[in-house]
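Data block below; observations after.
Quick note: residue numbers are just sequence positions, from 1. When reading the values below, keep in mind they use all heavy atoms of this one structure, side chains included, and skip hydrogens, waters and symmetry mates.
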Amino acid sequence: MATAYRSGWHFIDLVTAIPHGGDSLMVTVFGEPVVVTRDEDEDVRAYRCLRKPRGAPQPVRCAVRYGMIFVNLDQRDHRLAEPAEPDLRTVSATPRSA
């Protein structure tokens with residue numbers, strides 16, 4: 001059942017939980033440990049802690065909206081939303097009142 005809700009953005013905590021540069025917060029999202037940290041530039045970042053030996057922390061998409069921290073664990077959501085080749089067609093429309 002948890003895999004059905006794994007994709008998408010999930011609320012972690014308020015940004016006031018990590019007020020200063022260097023502060024961090026450890027949470028578990030769908031059984032996976034995630035570390036949310038505030039770096040020296042005051043940016044909030046999130047990392048998935050891998051359980052494999054010698055595994056480096058894997059970056060996770062993180063967003064701060066309205067003072068709340070959200071993370072997205074789904075790797076499929078990490079691909080670019082724009083196509084490789086931009087569509088240069090122009091669509092013009094005439095209003096009905098014209």
May I ask you to test the [X]-[Y] pair for a side-chain heavy-atom distance under 4.5 Å?
X   : Y   : result
F30 : H10 : yes
L73 : V34 : yes
D13 : I18 : no

Report yes or no: do [X] and [Y] belong to one cluster of Ile/Leu/Val/Met/Phe/Trp/Tyr joined by side chain heavy-atom distances under 4.5 Å?
X   : Y   : value
V35 : L14 : no
Y47 : M26 : no
V71 : V27 : yes

(message) Quick check against the 3.5 Å criterion: does D41 have a side-chain atom that pairs as donor or acceptor with the backbone of D43?
(response) no
(request) Provide the closest heavy-atom pair for V64 versus I69 in the form atom of the first, atom of the second, distance. (result)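 In terms of heavy atoms, the two residues are closest at CG2-CG1, 4.4 Å.
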(message) Return the CD to NE2 distance between E42 and H20, rounded to the nearest 0.5 Å.
(response) 9.0 Å
(message) If the test is side chain to side chain contact (heavy atoms under 4.5 Å, CB included), which one of T16, V15, D23 qualifies with P19?
(response)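 Filter result, single survivor: D23.
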